[in-house]
Amino acid sequence: MQGGSGQSSMPFPSGSIDKTRVYDVKPLRSLDPVFPNSAQAPSSDGTCPSGFSPFFPFGAPQVPQASPPRVPMPTPIRAYRIPEPGEETPARASNGESTDNQKRAASNKSRSSQKKAKKSQDLQIDVSSLIGLSTSDREEGNRDVVNVVLMTFDGLRRRLSQLEDAKELTPGLVKRADMKAGNVLMSTGIRTNMKKRIGGVPGVEVGDIFYFRLELCVVGLHSQSMGGIDYTTIRGEYEDEAVALGIVSSGKYDDHTEDSNILIYSGQGGEKGDDQKLERGNLALDRSSRRKNEVRVIRGMKDPANPNSKVYLYDGLYKVQDTWIEKGKSGGGVFKYKFERIPGQASAFALWKSIEKWKAGVTSRTGLILPDISSGAEKFPVSLVNDVDGEKAPGYFTYLHSLRYSKSSIVPLAPDRCNCVKDCVPGDLNCSCIRRNEGDYPYTGNGILVSRKPLVHECGPLCQCFPTCKNRISQTGLKYHMEVFKTKDRGWGLRSLDPIRVGTFICEYAGEVVDRARDNDEYVFDTTRNFNPFKWNYEPKLLEEASTNDASEEYNIPSPLIISAKNVGNVARFMNHSCSPNVFWQPVVYEENNQSFVHIVFFALRHIPPLTELTYDYGIAGSAGSSAPKWRRKCLCGSSKCRGSFG
DNA sequence: GCATTATCATGCTG
DNA sequence: CCAGCATGATAATG
């Protein structure tokens, strides 16, 4: 049974698969990708707006219909933009081709997706205005929409996680805040890219990272919450056609190869030694292979910071170049698919592999000046790199990882400490530190900040709890391998060699506490500046049970705090400004030397892929009493929301 | 239209 | 560290 004969559209009649023979996949001409000369051809990145001339990812438009089929052929995939019922479909209509099937699929789709939402329809309308999502945003996303959906997901997830942590230990309780948050978002329509499409998903970029499978669902990158193969079925005139959309490779089945552009993926099914069947996802991958369709590839990676959790890396588009059958470990036949990466995409998985080698010292990297500019002051080395120009080092400073109070008029707060034994326990209102946090433990079990707050109260050295207590996150030092690097046009900058999960502690702003910043001092953190307000916490209206009276994100700092990192400081002094930053600051207070001081602590605003520059909002001085500094500068952050200047 | 099914998830226990 | 378990959500399938 050869698949390459080109005669049959079913190369594997069920039940008569010859597992010993390598599966020959000469391309079937009649199954080559067919994109009609219409405005609805999918573009490779999905950004082609309807009404504009289509982009043909395979070069010139192909005319495979030239060779007439002798057997009933499946209807070629016309377009993945399934029209809404009642929506005009000018290109197709003028071709005189039936769209009944697509319309049927579309109406099925919208019905089934709204089925669950029906009971909370009121909420859905309320919620979409709340979050600012339109119906078309749900259908097709963009960078901002994807970001809003992800922020909403994790805000709710963190809050639910916090509530779970505070509950009594009950044997039956399974902590799955991710599923609950995902379910709420799916059922209230806080999701995007519901329209299935081959190729890239608008708003998701190659190299983007995710920490839960449900995040992939809500942004429409991979709609299966567990399944590794995302596919759909096209209703054809004569028969239905399965098409693969994407895969998640968890690495469980030795899928990774030496060549970063190649991935060997195993089919699904065949659990207890049975042969896998050419159906569902397996069939879809086979079809996509013949059609040479693009398939999204998401690679499940070990999280370097947390061995228990996984990072999902979007590695862009691949094509299935070869498929065959192997004998699996349990004896049954297993489908194998050889994925080959489409050239010209941003480096993602390959970059991760390079970083692993740098960290292990296997390969030296270009531009490395110093392995550790902290000279051992930090737990992890802070490398110094310049692959842009000849500058050898930033100006001299002394490395210090916390605050120094010199000639400051800061009035320390009254000290307070808890008497907990071992670790402070979430939900324990006998703990005075938890009480000062309005009864909420500020961090989740794995140390992630739950909400921005007026002030976070951490345990201090004189608290009776163990130093391992989770309520000391900002005092535990760097968690990542950071790197100071020379940017193209903004001096030195800061980035991480490890992926950073939203809400994780990055570092505090170390330096000397001063009464007033000197005019020429560019290394200043000043809490009196005006900062762009932004929403990071969960939306209390989303879920009654997650609500609380105090969800304020306004900072409440007892007295103005100005820190200069010109002479002494840590990695934070290298972080540049951006008007759409990926890091934010949070005031944190704890006791030291019988006094309590406020610290400025940085947390990840969103997931940050490795080697992405870390930035925060420097704020703007001047409006409320304090005079504008002499060094206010033109902003080069490049964001679409850029305010033009900062400082 | 509704229930069933398959699935490279998670978190936790042993 | 890993195997195994319980609880699951999604969308295709029947």
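In what follows, chains carry the letters A, B, and so on, assigned in the order in which the sequence lines appear, proteins first and then strands, with residues in each chain numbered from 1.
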Could you state the [atom1]-[atom2] distance from [X] to [N], rounded to the nearest angstrom?
{"X": "A:L185", "N": "C:dG8", "atom1": "CG", "atom2": "P", "value": "19 Å"}
{"X": "A:M226", "N": "C:dC5", "atom1": "CE", "atom2": "P", "value": "15 Å"}
{"X": "A:I234", "N": "C:dT13", "atom1": "CD1", "atom2": "C1'", "value": "16 Å"}
{"X": "A:N193", "N": "C:dT10", "atom1": "CG", "atom2": "C1'", "value": "17 Å"}
{"X": "A:L216", "N": "B:dT7", "atom1": "CG", "atom2": "C1'", "value": "14 Å"}
{"X": "A:N306", "N": "B:dG11", "atom1": "CG", "atom2": "C1'", "value": "12 Å"}
{"X": "A:L221", "N": "C:dT10", "atom1": "CG", "atom2": "C1'", "value": "15 Å"}
{"X": "A:L214", "N": "C:dT7", "atom1": "CG", "atom2": "P", "value": "18 Å"}

Is the distance from OP1 or OP2 of [N] to the nearest side-chain N or O of [X] less than 4.0 Å?
{"X": "A:T233", "N": "C:dT13", "answer": "yes"}
{"X": "A:Y231", "N": "B:dA6", "answer": "no"}
{"X": "A:K310", "N": "B:dA9", "answer": "yes"}
{"X": "A:N308", "N": "B:dC12", "answer": "no"}

Within this structure, what is the [atom1]-[atom2] distance for the pair [X] and [Y], rounded to the nearest 0.5 Å?
{"X": "A:L478", "Y": "A:D498", "atom1": "CG", "atom2": "CG", "result": "11.0 Å"}
{"X": "A:Y265", "Y": "A:L285", "atom1": "OH", "atom2": "CG", "result": "7.5 Å"}
{"X": "A:L216", "Y": "A:Q224", "atom1": "CG", "atom2": "CD", "result": "11.5 Å"}
{"X": "A:S288", "Y": "A:K319", "atom1": "OG", "atom2": "NZ", "result": "11.0 Å"}

Expected output check: what is the dot-bracket annotation of DNA chain B, where ( ) and [ ] are pairs inside the strand (brackets for crossing ones), | is paired with another strand, and pairs are Watson-Crick or G-U under 3.5 Å?
.||||||.||||||

For A:G281, which contact category applies under a 4.0 Å heavy-atom criterion: base, sugar-phosphate, or nothing?
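Contact class for A:G281: none.
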
With heavy atoms under 4.0 Å as the rule, sort A:S309 into base, sugar-phosphate or nothing.
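The answer is nothing, as A:S309 stays clear of every strand by at least 4.0 Å.
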
Among [options], which nucleotide has an atom closest to any side-chain atom of [X]?
{"X": "A:K175", "options": "C:dA12, B:dC12, B:dA9", "result": "B:dC12"}
{"X": "A:M179", "options": "C:dT10, B:dT10, C:dG8", "result": "C:dG8"}
{"X": "A:T232", "options": "C:dA12, C:dA11, C:dG8", "result": "C:dA12"}
{"X": "A:R191", "options": "B:dA6, C:dA9, C:dA11", "result": "C:dA11"}
{"X": "A:Q268", "options": "C:dA9, B:dT7, B:dA6", "result": "B:dT7"}
{"X": "A:F212", "options": "C:dA9, C:dA11, B:dT10", "result": "B:dT10"}
{"X": "A:R213", "options": "B:dA9, C:dT10, C:dT13", "result": "B:dA9"}

[X] bridged to [Y] by N-O distance under 4.0 Å:
{"X": "A:K470", "Y": "A:D423", "answer": "no"}
{"X": "A:R501", "Y": "A:D154", "answer": "no"}
{"X": "A:K180", "Y": "A:E545", "answer": "yes"}

Whichever of A:K302 and A:D230 has its nearest DNA chain C nucleotide further upstream toward 5'
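Result: A:K302.
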
If you compare all heavy atoms of A:V450 against all heavy atoms of A:W536, which two are closest, and at what distance to 0.1 Å?
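Closest pair (atom of A:V450, atom of A:W536, distance): O-CZ3, 3.6 Å.
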
Would you mind telling me which residue lines up with the more 5' stretch of DNA chain B, A:G228 or A:D178, judged by nearest nucleotide?
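Its nucleotide being nearer the 5' end, the pick is A:G228.
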
Tell me which of A:Y312 and A:R280 sits closer to the 5' end of DNA chain B, going by the nucleotide each one is nearest to.
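Its nearest nucleotide lies further toward 5', so the answer is A:R280.
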
Over 12 foreign heavy atoms within 6.0 Å of NZ, A:K357:
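Result for NZ/A:K357: open.
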
